Amino acid sequence: MNKIVLDETQLLQLKKFIISKGIKEEDVIHEILDHFACKVEEVMNDNIYLSFEKAIEHAYFSFGYNGFKKISLQYEKRMTQMVWTEFKPALLKVMQSKLIVCSFVWCTSLFMLMFYIEWNKIENRMHEFVTYSAVISFIIFNAIRFHGSMIAKAGLADMAFDKNIKMWQKKVIKMPRIDSLNLLFILSFILLKVDPNYFIIIFMTLSLGGLLNSFTRKETMKRMNNKLNNRFVYE
């Protein structure tokens with residue numbers, strides 16, 4: 001006798017059942033569906049007189065008290081490991097990009113100029129040049145980040161408000177950011193009454209770090225997307 005294999009209509013019913021149990025992420029649903037469908041087929045083949053609806057109940061109970069939670073957590077853990085694996089080469093690639101390298105050299109040069117000015121107590125146009133350059137650099141770095149956030153799709157960069165994005169995309173979005181350090185440094189500078197010029201320079205550098213972090217998360221998203229053979233999620 002031929003083994004029972006679920007058809008498309010039955011698989012759709014299983015998918016709806018999984019969603020009814022509180023699973024929302026599309027990729028997690030498909031991960032569970034693979035296991036669940038196999039279990040339902042196994043139950044139906046063990047008892048050919050059992051109805052499809054009853055087979056669903058039996059199969060679901062076989063996953064234990066927590067239902068699909070264990071599979072969901074295992075998948076989440078696997079995606080987390082995969083994201084961090086892709087994050088490292090993504091960071092290296094971004095650090096080697098012309099934009100980041102040139103920006104880093106520029107920031108370092110401004111730091112050295114500011115130190116030289118402060119050390120020699122220089123008060124001339126060089127001092128003004130460094131200050132205005134730092135302010136302009138800060139604006140440019142954040143403008144680039146903002147532009148990247150606006151064109152990014154599926155909640156990339158700082159736009160993590162799409163509820164329909166996949167679990168692995170959420171993992172990338174929620175990776176550590178440097179933005180919170182900005183507020184910490186601002187507060188500490190105010191409390192310690194740090195020279196405003198140093199404040200501007202360091203804030204500019206933090207903005208560069210934020211730009212690096214944002215680009216790295218986008219590159220990680222791209223690598224993950226290619227690895228999982230999905231459609232490119234941002235253009």
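All of these numbers come straight from a predicted model, not from anything done at the bench.
Annotation: F63, atom CZ; neighbour count of heavy atoms from other residues, nucleotides and ligands within 6.0 Å is above 12.
Listed here is the closest heavy atom pair of I23 and V28: CG2-CG1, 3.8 Å. The shortest non-hydrogen separation linking L11 to L33 is O-CD1, 3.9 Å. For the residue pair T85 and Q81, the shortest heavy atom distance occurs at OG1-O, 2.7 Å. The minimum heavy-atom distance between I18 and I29, with the atom names listed, is CD1-O, 4.0 Å. Across all non-hydrogen atoms, the minimal contact from A55 to V40 is CB-CG1, 4.1 Å.
Qualifying salt bridge (charged side-chain N to carboxylate O under 4.0 Å, His left out) partners for K70, counting only residues two or more places apart in sequence or in other chains: none. Residues meeting the salt bridge (charged side-chain N to carboxylate O under 4.0 Å, His left out) test with E31, sequence neighbours left out: R78.
Within the 4.5 Å cutoff, no side-chain heavy atoms of E86 are placed close to those of E219. Contact annotation: the side chain of L208 never approaches that of L212 to less than 4.5 Å [non-hydrogen atoms, C-beta and beyond]. Contact of the E57 side chain with the F61 side chain is registered, since non-hydrogen atoms from C-beta on lie closer than 4.5 Å. No side-chain heavy atom of I32 sits under 4.5 Å from any side-chain heavy atom of Y75. Proximity of T108 to M112: side-chain heavy atoms (C-beta onward) are separated by under 4.5 Å at one or more points. Annotation: side chain of L73 is not in contact with side chain of K77 (no heavy-atom distance under 4.5 Å). The shortest distance between side-chain heavy atoms of V43 and N47 does not fall below 4.5 Å. Residues F87 and R223 have side chains not in contact (no heavy-atom distance under 4.5 Å, counting atoms from C-beta outward).
Annotation: the span from F52 atom CZ to Q10 atom CD amounts to 4.5 Å, rounded to 0.5 Å. Taken to the nearest 0.5 Å, the CD1 atom of I56 stands 14.5 Å off from the NZ atom of K39. For the atom pair CZ (F215) and CG (L211), the distance works out to 4.0 Å, reported to the nearest 0.5 Å. From F36, atom CZ reaches atom OG of S62 across 8.0 Å, with rounding to the nearest 0.5 Å. Note that CG of N213 and CZ of R217 are 5.0 Å apart. Values are rounded to the nearest 0.5 Å. With values rounded to the nearest 0.5 angstrom, D34 atom CG is found 9.5 Å from I71 atom CD1.
Of the possible polar contacts, one joining the N45 side chain to the E41 backbone as a donor-acceptor pair under 3.5 Å is found. No donor-acceptor distance shorter than 3.5 angstrom exists from the side chain of S72 to the backbone of F68, with no hydrogens or angles considered.
Because its NZ or CZ atom is both nearer than 6.0 Å to the ring centre of Y60 and within 45° of the ring axis, K21 counts as a cation-pi partner of that residue.
Using a 4.0 Å cut-off between a side-chain N of Lys or Arg and a carboxylate O of Asp or Glu, K15 and E8 do not qualify as a salt bridge.
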